[in-house]
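All ligand and atom numbering here is 1-based and tracks the order in the structure.
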Amino acid sequence: MQYLDIAPEVASALHQGNPVVALESTIISHGMPYPDNVATGRALEQAIREEGAIPATIAIINGKMKAGLSPDELEWLGKPENKIAKASRRDLPWLLMKKLPGATTVAATMLIAEKAGISIFATGGIGGVHRGASETFDISADLQELARTNVAVVCAGAKSILDIGLTLEYLETLGVPVVGFQTDEFPAFYTRSSGYGVDCRLDSPDEVAQFIHTKWNGGLKGGVVVANPIPAGKEPAYSTIAQATEKALDEAQRQKLRGKEITPFLLRRIKELTGGESLRANVELALNNARLAARVAVGYSGR
Ligand code: PSU
Ligand code: MN
């Protein structure tokens, strides 16, 4: 396909049926400050390799949907002066046509991963139904993508900038299974608990691989959310995060922010308001997800 560019290492792993894990690039370009973002992007790739899988970071560069980036490309995506667009599904034709760079959200990463033949994807948190969505209709395109695209997304749940209850209701409506990895509770990104349950609990990476295999082999299309809580001991203090979240939400409302700017604004403000604390936790949980995704991919490739 003219618009798809799979890195040789990724293509050869896929060809041989070896495990590959997709990574998104919005977390690099819009989710963390430079240079921590680039260091994290590299560390995620390294963690996947250490678990015996090949990483494929996904982005839009020079008119191509790329699966697998060079170290220079990763560095370039992380620099704010390069003005990388946030790319969800609907942004792709424009960016491809104009050969503009885009950092892919969960939605866009999933759809490109599927085109490339990658089934497992690790991220930090998924987008969801925003608080107040009954007025604003602000529901992330990530959820629709989970309904239609055959990729399993390993995440630490969804941030409490969102309405977690409505996000889970929406996923239920769309028929997307929410699996808890070694937990009965859906995690809330910085915290291991949210007060909401998961559909089913699985306790080993191989069981998760078996679940995914069963779903797709049974002709049940669409994604799977694998919710992997931040490791105990790496959780930031709840009150620090809760206060920062409320303040950031209040500011976003007062500035009347709209559309795709809202999520990056909230992520940035929470980071500023908690000092380094939220960023440290974000890196830890993303690494934890990359490791689990690689183990699941290893199990899945053996089926
Ligand atoms: N949530 C996080 N960190 C992130 C994002 C969400 O905790 O970096 C990013 C992901 O790329 C996700 C996107 O796909 O934000 C969702 O944006 P929106 O709400 O505009 O759909
Ligand atoms: Mn939105």
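When hydrogens are left out, the protein atom nearest atom 1 (N) of ligand 1 is Gly125 O, 3.5 Å; that is the closest non-hydrogen contact. At the shortest separation from atom 11 (O) of ligand 1 among protein heavy atoms lies Glu24 OE1, 2.7 Å. At the top of the distance list for atom 2 (C) of ligand 1, counting protein heavy atoms only, stands Lys159 NZ, 3.3 Å.
Nearest-heavy-atom check against atom 19 (O) of ligand 1 across Leu267, Thr263, Thr26 picks out Thr263. For atom 21 (O) of ligand 1, the candidate residues are Ala108, Ser140, Ala107; the nearest heavy-atom contact is made by Ser140.
Its N, O or S atom nearest to the Mn ion (ligand 2) is what matters here, and for Asp138 that atom is OD1.
Remark: Glu246 engages Arg131 in a salt bridge, criterion side-chain N to carboxylate O under 4.0 Å. A salt bridge is absent between Glu45 and Arg49: the closest approach of a Lys/Arg side-chain nitrogen to an acidic carboxylate oxygen does not fall below 4.0 angstrom. No salt bridge links Glu261 with Lys86; every basic N to acidic carboxylate O contact stays at or beyond 4.0 Å.
Side-chain atoms of Glu75 and Tyr34, non-hydrogen and from C-beta on, do get closer than 4.5 Å to each other.
A donor-acceptor pair under 3.5 Å is formed between the side chain of Arg192 and the backbone N or O of Ile230. A donor-acceptor contact shorter than 3.5 Å is absent between the side chain of Asp5 and the backbone of Met65.
At a 3.5 angstrom cut-off on N or O pairs, Lys86 counts as close to ligand 1. Backbone and side-chain nitrogen or oxygen atoms of Asp142 are examined, and one is located within less than 3.5 angstrom of a nitrogen or oxygen of ligand 1. In terms of polar-atom proximity, defined here as any N/O pair under 3.5 Å, Ile126 makes no such contact with ligand 1.
Within ligand 1, the atoms closer than 4.0 Å to a non-hydrogen atom of Phe189 are 7 (O), numbered from 1 in the order shown. Those atoms of ligand 1 that come under 4.0 Å of a heavy atom in His130, given as number and element, are 19 (O).
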Discussion item. Set out, in order, the CA-CA distance, both residues' side-chain angles and the distance that settles salt bridge (Lys or Arg N to Asp or Glu O under 4.0 Å) for Arg254 and Glu251, then state yes or no.
Written reply: CA-CA 5 Å; Arg254 271 190 285 150; Glu251 288 177 9; 5.9 Å; no
Item to complete: Check the pair Asp36, Arg280 against salt bridge (Lys or Arg N to Asp or Glu O under 4.0 Å), reporting the backbone distance first and the verdict last.
Response: CA-CA 10 Å; Asp36 306 78; Arg280 249 192 320 277; over 6 Å; no
